[in-house]
Number of protein chains: 2
Amino acid sequence: MKEKATSFDIAHIAGVSQSTVSRALNNSPLVNQETRDRVQRIARELNYKVDKNASNLRTQKSNTIALLLFEDPTSDDSMINPFFLSMLGSITRACANARYDLLVSFQNLDDDWHAEYEDSNKADGIILLGYGDYLSYRNKLSQLEEQGTHFVRWGAHDKEHPGVSIGCDNYQGGFDITEHLVKMGHRSFAFIGDAGSHAPEFMARHQGYVDALSKHGLWTEDTPQFDAISTEDSGFHAVQELLEQEALPDAIVCASDLIAMGVLKALRLSPYSVPEDVAVVGYDNIQVSGFTTPALTTVQQNTRLAGEILVNTLLKAIAKQEVHDYLMPAELIIRQSCGSDNS
Amino acid sequence: MKEKATSFDIAHIAGVSQSTVSRALNNSPLVNQETRDRVQRIARELNYKVDKNASNLRTQKSNTIALLLFEDPTSDDSMINPFFLSMLGSITRACANARYDLLVSFQNLDDDWHAEYEDSNKADGIILLGYGDYLSYRNKLSQLEEQGTHFVRWGAHDKEHPGVSIGCDNYQGGFDITEHLVKMGHRSFAFIGDAGSHAPEFMARHQGYVDALSKHGLWTEDTPQFDAISTEDSGFHAVQELLEQEALPDAIVCASDLIAMGVLKALRLSPYSVPEDVAVVGYDNIQVSGFTTPALTTVQQNTRLAGEILVNTLLKAIAKQEVHDYLMPAELIIRQSCGSDNS
DNA sequence: CTGAAAGCGCTTACAG
DNA sequence: CTGAAAGCGCTTACAG
């Protein structure tokens, strides 16, 4: 293993000072064209790469973004929610386009994550991604903000929360999909998904659902709701309960596609069929939702756009520009699981 | 935004030298228990974090691994192959367990990636992940090895290639799934997937397929094969060709699940049904494959284990321990798309 | 346009 | 057990 070349080695070979090498490599206009070309050629030949630790230390910035992916610690740890995996993909892409490196990290909500990356100068800013009990880390967000850490959060748009957030219109999504079910002729409903303040996204979807039902006079206090987290298992068990209580409604609204997968599975084992006996809808439009039988009606969040906006907003914040919350529209994806017009 | 505290600030407050602060923070046994506690308490109060750039520069290691994800540049850029996304998830997890940071980057095969990360001291080692034209970057791998860069590669096990590789037994997978089709009574076949040396994984799967057919006397030189890359579109178009030529075989073996998705889609639009008229099998066991109609028979690669082995092998290499190639067994996942025993 | 020099914030031999 | 000092490899005012 050869010793790694430094800028001094280049300087020696090129017969210039190390300062000039540094300038040439950074394409400084201060340096003679010819000198620059020579230095760059030698650097290429020696396979020289600027030491990032040294240059970052000197410039006090890292050209790196950290992505903190929160996981619901109760979810099946063998699988990441496909929706977030898809976000991860689009964020990676957006970072590459912006010539930033991306540091990815999984976090538990109770980890001491709040300052780690930017404080240690490994990253210039942080993207927070994940469902999960948002309230429980709210004070950490405040602390981040207090310290002047740059961060953007994917999630529920909420004026009371610190920092800037990019999210999808969960309320509208919940409203639209529910109203569609009403139009399809369904009259009794159940909601599967935690509707408490611990899960703001789910709560907003639920609120949209409730308001749509209310608008059509279909909402009652005893409309069943199950506090499921976003896993197949949660959905599966919720349906089992419904079946035991012999309280199967016309339509089941799931707070996520993953939950809906479990719901469909449970119904497949039951005497009831979808959508004839019961309609099922999900949320997220993960890839699988187009392939279930019947294909799942759901709400799409544009992950590609979301990744771009998250990254661009963060970069703006790092550049000390003004940034704003952004609420992306939710798009209804109608497939077969909600019944057809002539039902 | 407050100025970030340095070890000198801590030293000043604690009334000790900066060297002692550094030792205390690194839990050096050289420092008095009481002093250490005091220093650590102050550091916590000041929300102090060691500057990674400085410490990495000094120690010449980064506790960071870089993951280079190669993409087939011809594939649909709106979507990463779900199989690799799943690998990404398990690698992230494995890194977190090893207390390493993970730098993720997408690369085109023609980028000048080969040295970037480790040479610039941003990472201690590199994981290479992706299908793609392996031959085209073979000399880059040689170069990596020559420079003493630590790397492991996911992919085809091959003694002739530089560096250590972790992969799944593609040959055995291709063999097993084909033999299963033969057992199901299928007699004529087609293979969809590039079987050339540019795609070593696919080539190995194809070789297993050919050998299984040969073993049962079913292989002929004119058994159709299509040079598809791993996308739905490729599979879709290959089937269209088969239909135009009116050469639909008993069974279609796809080099990946993504290809199989396209095959199923094309057949759905045809008068033929799966598995009655034609069997279809895939490879990878991506999540969707369990939800298609009919559910897809495929070959599973254990991504979770793969991620762990990749990371652990790389860490060993970084620690100058001896490392070996590893060939993971392929597991047949039998579902409905291949027909049933009584066919 | 170029060079000599300072300094980013650490870690770690060296001396006590 | 502790401190003074060197040095990791850069970037960038400063002086010419």
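Values reported hereafter were calculated over all heavy atoms of this structure, with side chains retained and with hydrogens, waters and symmetry mates removed. Below, read A as the first sequence line, B as the second, and so on, with proteins coming before strands; counting in each chain starts at 1. Source: prediction; values computed, not measured.
In this structure, A:Phe8 atom CZ and D:dC8 atom C1' are separated by 11 Å, rounded to whole Å. Between B:Asp51 atom CG and C:dG7 atom P there is a gap of 18 Å when expressed in whole angstrom units. The CG atom of A:Asp37 sits 13 Å away from the P atom of C:dC1 (whole-angstrom rounding). Protein atom CD of A:Gln60 is 19 Å distant from nucleotide atom P of C:dA6, rounded to whole Å. A:Gln18 has its CD atom 11 Å from the P atom of D:dG9, to the nearest Å. In this structure, B:Lys61 places its NZ atom 19 Å from C1' of D:dG9, rounding to the nearest Å. If you measure from atom CG of A:Leu30 to atom P of C:dC1, you get 8 Å, rounded to the nearest angstrom. Put simply, NZ on B:Lys52 is 11 Å from P on C:dC10, counting in whole angstrom units.
In this structure, A:Thr64 contributes its side chain and A:Leu102 its backbone to no donor-acceptor pair below 3.5 Å. Judged by distance alone, with hydrogens and angles left aside, the side-chain atoms of B:Ser86 form no donor-acceptor pair with the main-chain N or O of B:Phe84 at under 3.5 Å. For the pair A:Ser7 (side chain) and A:Gln18 (backbone), a donor-acceptor distance under 3.5 Å is absent. Between the side chain of B:Ser28 and the backbone N or O of B:Ala24, no donor-acceptor pair lies under 3.5 Å.
Of the candidates C:dC8, D:dC10, C:dT11, the closest approach to any side-chain atom of A:Leu57 belongs to C:dC8. Minimum atom distance to the side chain of B:Thr20 is reached by D:dT2, of the listed D:dT2, C:dG7, C:dG3.
By the 6.0 Å contact criterion, CD on B:Gln321 is enclosed, its count of non-hydrogen atoms from other residues, nucleotides or ligands being greater than 12.
Using a 4.0 Å cut-off, no side-chain N or O of B:Gln33 falls inside it from OP1 or OP2 of D:dC1. Residue B:Ser19 places no side-chain N or O under 4.0 Å from the OP1 or OP2 atom of D:dT2. Note on B:Ser55: every side-chain N or O is 4.0 Å or more away from OP1 and OP2 of C:dC10. Look at B:Thr35 and you'll find a side-chain N or O under 4.0 angstrom from OP1 or OP2 of D:dT2. The side chain of A:Ser22 places an N or O atom within less than 4.0 Å of a non-bridging phosphate oxygen (OP1 or OP2) of D:dT11. Between B:Asn26 and C:dT11 there is a side-chain polar atom (N or O) within less than 4.0 angstrom of OP1 or OP2. Here B:Ser7 reaches the OP1 or OP2 of C:dC10: one of its side-chain N or O atoms lies under 4.0 Å away.
A residue-by-residue look at B:Gly15 and B:Ala54 shows that B:Gly15 has its nearest nucleotide of DNA chain D further toward the 5' end.
Using modelled atom types, one finds a donor on one side chain and an acceptor on the other under 3.5 Å when comparing B:Thr20 with B:Ser17. In this model, no donor atom of one side chain and acceptor atom of the other lie less than 3.5 Å apart for B:Asn56 and B:Gln60.
When the C1' atom is compared between C:dT12 and C:dG16, the two are found 16 Å apart, to the nearest whole Å.
Residue contacts for A:Thr59: at a heavy-atom cut-off of 4.0 Å it reaches the sugar-phosphate backbone alone, with no base atom in range.
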With Watson-Crick and G-U wobble geometry limited to distances under 3.5 Å, how should the secondary structure of DNA chain C be encoded in dot-bracket form, using | for bases paired to another strand and [ ] for crossing pairs?
|||.||||||||.|||

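If you check distances only, the side chain of B:Arg23 does reach the base of D:dG3 with a donor-acceptor pair under 3.5 Å.
Closest approach of A:Thr313 to A:Val152, counting heavy atoms only: CG2-CG1, 3.8 Å.
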